[in-house]
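First comes the structure, then the notes that go with it.
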Amino acid sequence: MNINATLIVEMLTFLVFVLFNVFVVWPPVSRALEKRRTQIMEGLASADQARQAVDLARREGEVLVNKARDQAASIVRQAEERALAMVDKASEESRKQAMQIMDQAHQELQVQVKAAQRELYNEIAGLALKAAGQVVHEELDDKKHHEMVGKLVKSWS
Amino acid sequence: MSEAAASGGLIEAGKYIEHHLENATWSAGGDAFWTFHLDTIGFSIGLGLLFTGLFWLIGSRATTGVPGRWQNAVEWVFEFIDNQVHDSFHLKNRLVAPLALTLFCWIFLFNMMDLLPVDLLPWIASLVSGTQYMAGSPALRVVPSTELNMTIALGLSVFLLLFAFTFIYKGPVGFLKEVFFHPFGKWLFPVNALLWVVETIAKPVSLSLRLFGNMYAGELLFILMALTIPTFATLDWGVLSVLAYPILNLAWSIFHILIVILQAFIFMTISVVYLSLASEEH
């Protein structure tokens, strides 16, 4: 139980262990802990940033989708309008064309009918003259003859 | 029990206790001061090597990534110590935290030796030395913190550090001011100086004696309880005469775990607080 040289030995031993811990044991662990702490902090910060970025992107995406939807709707509407207009125009044109064709045909028909009438008229007049001339050659002079034929033709037309 | 047997038993008991509290010594001759307690020195160095080696081995491979189980344990101790130190020592100092780590772990391991069965290591020593146990087998004090030289060595080291810290952080003038002008102002400087002496001496003494007293008493209790084994055996208590000692021992061991940790913690914390007082203005 006496105080003796053991005291000195133990003080030196303590000194050695403390110095060893100060210079060898403590620094790497302390460094590792500090580094991990900063890493975790950075990780958390970047996770936060990423979350914000995702939020932003989602919002932007929503805006874009909405815009695109609107655009698509307007395009469809426009297309429908244009299609309607085209159909209208086409039907209008075709009706006009049909009318035109019909008109043309009508006119041609009338021209032809008139031509045919005239031809027929002349032919019939000639024929009638020939027939009548043969029938009543003797009794009729040229003047009376023309009067008769004229009357006849008038009654046909 | 006859008187002779009783006194014989007492002598036996005295011998038993003495045997457990005696040191294995080696003397350099000459003055009695140059005696070395080989058991205390050996166990303290061994335990110190155990924890520094373990921490060094694990700590030097510390990764900043996901720590393994061992690294986790080491980091837990480091962070615990670091928090304790940061709570009371606010200046930047490379020494204090490793010092606290050394104090805590070393004293903790000293005290843990108390939880080994009291006869285990002395018995092994008798086997190794080939002597009969208790009769001529080497004395062996297992728990270094039940050795006054050990606890005073720690207290004295902290004491010297207090002076060093005061000089480093406050300078010689600050030191003298601390001695003479505190706490009652400069006109009462003799009283202040006297108080300072008492206060300063009390620090290492209380540190050393608190640890020593707690551990010595704990160890003594384990030894005394071991002495009750033959007494219980003679009593006619049935199973209890066999189980009484294990139950007592277990109860005290469990309680002692608290003391083991608490004393290590107290020594460390109070040392750090002293160092903080020595270095910071208050």
Side-chain angles (χ1 to χ4, degrees), chain A residues 1-69 71, chain B residues 21-23 25 27-28 31-38 40-41 44-45 48-49 51-67 71 74-75 77-79 81-82 94-99 101-103 105-106 144 147-154 156-158 160-161:
Chain A
M1 197 45 66
N2 301 321
I3 299 299
N4 55 32
T6 310
L7 177 75
I8 296 166
V9 174
E10 293 298 0
M11 281 178 75
L12 290 176
T13 312
F14 181 59
L15 180 71
V16 169
F17 279 128
V18 168
L19 289 179
F20 187 77
N21 280 339
V22 170
F23 290 109
V24 181
V25 175
W26 190 270
V29 178
S30 168
R31 256 201 311 276
L33 286 175
E34 198 51 48
K35 212 168 163 190
R36 177 155 350 108
R37 193 170 295 133
T38 54
Q39 270 178 1
I40 288 172
M41 255 161 27
E42 278 166 12
L44 286 175
S46 70
D48 226 36
Q49 264 176 357
R51 205 173 296 128
Q52 279 173 358
V54 165
D55 257 18
L56 199 73
R58 190 176 293 143
R59 236 171 290 137
E60 272 175 7
E62 265 168 32
V63 169
L64 277 177
V65 165
N66 282 343
K67 216 173 171 182
R69 200 177 289 142
Q71 227 168 353
Chain B
L21 295 176
E22 231 172 80
N23 285 101
T25 55
S27 186
D31 197 83
F33 179 77
W34 293 105
T35 308
F36 297 91
H37 291 166
L38 298 179
T40 303
I41 294 169
S44 65
I45 290 177
L49 286 176
F51 90 86
T52 45
L54 209 64
F55 280 15
W56 184 32
L57 200 70
I58 298 158
S60 60
R61 294 181 193 162
T63 66
T64 51
V66 180
Q71 196 188 328
V74 168
E75 281 178 10
V77 175
F78 269 62
E79 298 227 288
I81 300 285
D82 212 29
R94 280 186 65 193
L95 175 70
V96 178
L99 177 83
L101 176 79
T102 314
L103 281 175
C105 294
W106 215 22
E147 155 83 53
L148 208 50
N149 281 302
M150 183 73 239
T151 61
I152 288 180
L154 293 173
L156 210 57
S157 301
V158 173
L160 293 179
L161 276 174

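Computed from a prediction, not measured in an experiment: that's the story for all the values here. Numbers restart at 1 for each chain; the letters A, B, ... are given by sequence-line order, proteins then strands. Hydrogens, waters and symmetry mates play no part in the numbers below; they use all other heavy atoms, side chains included.
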task: Quick one: closest heavy-atom pair of A:Glu10 and B:Ile41, and the distance?
output: OE2-CA, 3.3 Å
query: Looking at A:Ile40, A:Val25, A:Leu19, which has the largest count of heavy-atom pairs under 4.5 Å with chain B?
result: A:Val25
message: A side-chain contact here means heavy atoms from C-beta on lying under 4.5 Å apart; do A:Phe14 and B:Leu156 qualify?
response: no
- request: Measure from the ring center of B:Phe78 to the ring center of A:Trp26 and say whether it is less than 6.0 Å.
  value: yes
query: Which distance, rounded to the nearest 0.5 Å, do you find between the CZ of A:Phe17 and the OG1 of B:Thr102?
result: 9.0 Å
field: Inter-residue atom distance B:Phe36.CZ - A:Ile8.CD1, 0.5 Å rounding
entry: 7.5 Å
task: Kindly indicate, with the supporting measurements, whether the criterion side-chain contact (heavy atoms from CB on, under 4.5 Å) is fulfilled by A:Val18 and B:Leu103.
output: CA-CA 8 Å; A:Val18 168; B:Leu103 281 175; over 6 Å; no
side-chain contact (heavy atoms from CB on, under 4.5 Å) between B:Glu75 and A:Arg36, worked out: CA-CA 11 Å; B:Glu75 281 178 10; A:Arg36 177 155 350 108; 2.7 Å; yes
query: When heavy-atom pairs shorter than 4.5 Å are enumerated against chain B, which of A:Val9, A:Leu33, A:Thr13 gives the highest number?
result: A:Leu33
task: With a 4.5 angstrom heavy-atom cut-off, could you sort out which part of B:Ala97 is near chain A: side chain, backbone, both or neither?
output: both
task: Mind checking the CG-CG spacing from B:Asp31 to A:Asn4? Nearest 0.5 Å is all I need.
output: 10.0 Å
message: With a 4.5 angstrom heavy-atom cut-off, is it the side chain or the backbone of B:Glu22 that approaches chain A, or both, or neither?
response: neither
query: Taking side chain as C-beta onward, heavy atoms only, is A:Asn21 less than 4.5 Å from B:Trp106?
result: no
field: Main-chain N/O of B:Asn149 paired to A:Thr6 side chain as donor or acceptor, under 3.5 Å
entry: no
- prompt: Hey, does B:Leu99 have a side-chain heavy atom less than 4.5 Å from the side chain of A:Val22?
  reply: no
query: Does any non-hydrogen side-chain atom of A:Val29 lie less than 4.5 Å from one of B:Ile58?
result: no
field: Stepwise side-chain contact (heavy atoms from CB on, under 4.5 Å) test for A:Phe20 and B:Leu49
entry: CA-CA 10 Å; A:Phe20 187 77; B:Leu49 286 176; over 6 Å; no
- prompt: Looking at A:Pro27 and B:Arg94, what are the two nearest heavy atoms and their distance?
  reply: CG-NH2, 4.5 Å
query: Side chain, backbone, both or neither: which part of A:Leu15 has a heavy atom under 4.5 Å from chain B?
result: neither
